[in-house]
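Report on the structure given below.
Quick caveat: nothing in here was measured; it's all calculated off a predicted structure. What's counted below: heavy atoms across the whole structure, side chains too, no hydrogens, waters or symmetry copies.
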Amino acid sequence: MSSTTKRLVRIVAVSMVVALTLGITACTAVAAEEPSSSSELAVALGEAPNQDVVDLYTDRDTAVSKAVDALPEFIEKALEQTGVPGASVAVVSNGEVVFEEGYGVRDVTTKEPVDVDTVFPIASLSKPLSSSVVAKAITDDANLSWEDPVVKYLPAFALSDPYVTEHGKIADFFSHRTGIPTGGGDDLEDLGFDIDYIMAHMNQIPLASFRDTYQYSNFGLTVGGEAVAASRGQTWAQTANELLFEPLGMTSTTTVHDEYLAEDNRAAMHARTGEGQYEQLFDRDADAEAPAGGVASTAGDIAKWMNMVLANGEVDGTEFIDPPVLAKTYSAHSITGGDATNLTSRTSHYGFGTNVGATVTGRVTISHSGAFGWGAATNATMIPDLNLGIVVLTNGAPSGVPEAIVSEFVDLVQFGEETRPWLDLWPAVFAHFSDPAGDLAGEAPPTGAAAAGPAGDYVGTYTSPYFGNFIVTEENGTLTGALGPEGGYTFEIDPWDGDTLSFVPTGENALPGSLSSAVFVRDGEQITGVTLTFFNTFPAPGQEPNGLGVFTRTG
């Protein structure tokens with residue numbers, strides 16, 4: 001697997017992977033009084049034939065109760081087998097929280113235990129919460145709609161295609177169909193730029209085809225959220241708090257990183273440093289992409305949100321979100337997977353900020369995973385026709401643990417036993433998530449490499465319309481590059497092969513061991529520019545190089 005492909009999987013952050021086995025959407029199945037055939041396989045008849053599902057192995061309440069009883073042993077086994085430090089898990093059933101427990105430690109250095117009040121960064125699990133925030137905003141404001149163009153509320157915002165700028169709707173941004181490539185804007189966030197800078201420079205990003213390609217984009221969805229907040233004259237944090245967190249009593253939930261850090265009972269992030277090894281090395285500030293990945297919460301708070309969704313937008317028997325508006329959120333809007341050359345391949349879908357599909361028994365599911373390479377992995381999955389949901393929050397880099405726990409639980413409810421060895425399958429799928437990135441990762445300088453030029457040749461200021469200034473300085477023969485606001489993102493630049501030098505990128509998408517080339521352009525005796533290869537690609541096929549990492553010397 002190439003480093004580009006590995007980076008794609010990491011950035012997508014398992015938003016689609018669970019859909020391939022669990023699926024996701026909303027229907028109501030009513031169990032048939034008698035089996036529909038004489039075979040052992042019974043069918044629960046829905047309100048319409050397309051809502052029929054394979055019946056559970058036993059009655060619904062018994063199935064859920066037995067699955068809940070089996071959870072603790074499986075969770076403990078998952079943490080022990082993988083080395084993930086800690087987890088918090090909650091299950092909701094028929095409007096009640098029937099399971100809520102913490103396991104392991106929230107920080108491997110302090111050994112403080114995870115409990116039900118421990119706050120975790122939830123990464124891309126933020127997205128479906130944000131879609132509920134927007135649905136509530138639309139419920140409360142008759143003049144607001146999923147169909148509104150974002151420029152109606154963000155008139156200064158622009159993409160590289162004027163047509164997409166003018167016509168891109170909130171719905172387009174929340175369903176990843178604007179053409180903004182996977183990773184677009186993430187690179188600026190890694191350098192330390194804030195949301196204002198990132199949104200002002202998204203007009204430099206080359207776009208894929210509008211509305212007929214699915215491009216998972218953190219900052220695409222973030223733009224949609226920012227438009228809704230702007231419609232209210234608020235920040236996103238104010239909008240999320242006022243419309244969702246406070247009304248649902250999600251008192252431990254925030255979109256502000258400093259508020260997460262202020263929590264005494266918080267789960268530290270842990271990067272994967274080896275087989276079964278996790279260390280507390282980084283702190284991931286996702287404020288710039290708050291609607292897409294910046295939420296921190298507890299399993300109990302997520303359970304409150306799941307109960308609202310499963311109640312079709314009701315809270316305590318009273319309508320909270322208009323059901324048709326909420327239904328749009330969990331309807332299929334983008335195709336995310338499937339093999340057009342294989343008629344047996346099932347198609348998966350994305351709604352507004354969530355995956356939409358079905359289990360192997362035909363039950364509609366709503367789900368999303370979240371992951372930070374620096375140390376978070378989460379999943380929430382709901383099965384509406386069973387009025388059932390489970391959320392798993394962990395404080396280790398993507399490991400497959402949340403997906404394994406959810407898959408096991410869903411199997412136990414449906415069949416009374418697991419259909420696959422999930423604790424072997426999912427960690428293997430996620431094993432490469434902590435791999436390093438960059439075109440030189442794992443490589444050694446070529447044999448007989450040419451000598452680099454004098455250090456002073458490379459010293460200077462280089463500019464990219466997207467990244468801004470790249471400043472190269474020299475001290476005692478060592479070159480240092482600086483990017484980002486006030487040059488705060490720095491790295492040493494080392495010889496590799498002639499005017500191709502090397503550097504170590506860092507960040508959410510460049511984990512330990514990453515290495516990339518800095519290809520300087522020489523015109524005669526003068527260096528006139530440089531391409532920072534790591535910053536010149538997006539991970540999706542057909543979108544590399546993107547040209548954004550090409551810098552021209554200006555001084």
Side-chain angles (χ1 to χ4, degrees), residues 13-14 17-18 21-22 67-91 97-123 125 265-282 284 296-300 302-303 367 369-381 389-412 418 420-434 511:
V14 275
V17 100
V18 173
T21 50
L22 294 179
V68 166
D69 289 344
L71 267 179
E73 182 178 356
F74 190 83
I75 296 167
E76 291 169 354
K77 181 181 177 182
L79 297 186
E80 181 179 359
Q81 182 170 314
T82 62
V84 170
S88 185
V89 182
V91 175
V97 178
V98 297
F99 182 90
E100 185 180 4
E101 292 186 7
Y103 297 84
V105 298
R106 58 184 194 247
D107 189 326
V108 295
T109 59
T110 66
K111 305 297 183 182
E112 294 170 311
V114 172
D115 60 32
V116 295
D117 297 317
T118 301
V119 177
F120 288 74
I122 69 171
L125 183 50
N265 188 356
R266 70 177 184 276
M269 302 182 198
H270 297 82
R272 187 170 180 264
T273 56
E275 186 68 29
Q277 298 177 347
Y278 289 83
E279 296 182 40
Q280 208 283 302
L281 300 176
F282 307 106
R284 174 77 161 90
S297 188
T298 64
I302 302 299
S367 76
S369 286
F372 287 151
W374 278 8
T378 63
N379 178 271
T381 294
I390 179 172
V391 57
V392 181
L393 310 180
T394 73
N395 59 346
S399 60
V401 165
E403 291 74 19
I405 293 171
V406 169
S407 297
E408 181 79 3
F409 180 74
V410 172
D411 263 5
L412 293 176
E418 69 175 14
R420 292 176 180 267
W422 297 115
L423 264 182
D424 295 326
L425 188 152
W426 279 120
V429 169
F430 282 77
H432 62 273
F433 269 53
S434 297
L511 300 174

* Asked: Are M269 and P121 side-chain neighbours, meaning at least one heavy-atom pair lies under 4.5 Å?
  -> yes
Output for pair (I302 CD1, S88 OG), nearest 0.5 Å, gives 10.0 Å
Exercise. Under a 4.5 Å cut-off applied to non-hydrogen side-chain atoms, are L425 and W422 in contact?
Worked result: yes
Value for CZ (F99) from CD1 (I390), rounded to nearest 0.5 Å, stands at 8.0 Å
Notebook entry, point to check: Looking at side-chain heavy atoms only, is the closest gap between S399 and R272 below 4.5 Å?
Noted result: no
Of all heavy-atom pairs linking G396 and P85, the shortest is CA-CD, 4.2 Å
Student check: side-chain heavy atoms of T298 and D117 closer than 4.5 Å: no
| said: Using a 6.0 Å cut-off, check whether atom CD of E80 has over 12 heavy atoms from anything other than its own residue. | reply: no
For E279, the salt bridge (charged side-chain N to carboxylate O under 4.0 Å, His left out) test, sequence neighbours excluded, returns none
d(Y278 OH, T394 OG1) to nearest 0.5 Å is 7.5 Å
The reported gap from CG in L423 to CD in Q81 (rounded to nearest 0.5 angstrom) is 5.0 Å
CG (L412) and CD (E418) are apart, to the nearest 0.5 Å, by 7.5 Å
Problem - Side-chain donor/acceptor of N395 to backbone N/O of V105, under 3.5 Å - result: yes
The side chain to side chain donor-acceptor pair (under 3.5 Å) partners of Q280 (sequence neighbours excluded) come to none
**Asked** In terms of ring plane angle, is the pair F430 and F433 parallel, tilted or perpendicular, where the classes change at 30° and 60°?
**Response** tilted
Side chains of T378 and F120: closer than 4.5 Å at any heavy-atom pair?
no
When rounded to the nearest 0.5 Å, the distance separating CG of L281 from NE2 of H270 is 9.0 Å
All heavy atoms of P398 vs all of A377, minimum pair found to be CA-CB, 4.0 Å
For D107, the side chain to side chain donor-acceptor pair (under 3.5 Å) test, sequence neighbours excluded, returns T109
Looking only at heavy atoms, the pair that brings A296 and V119 closest together is CB-CG1, 3.8 Å
Nearest heavy-atom contact between A404 and F74 is O-CE2, 3.6 Å
For N379 and E403 the tightest heavy-atom approach is CB-OE2, 4.3 Å
Can you find a heavy atom in the side chain of V391 that is under 4.5 Å from one in the side chain of L125?
yes
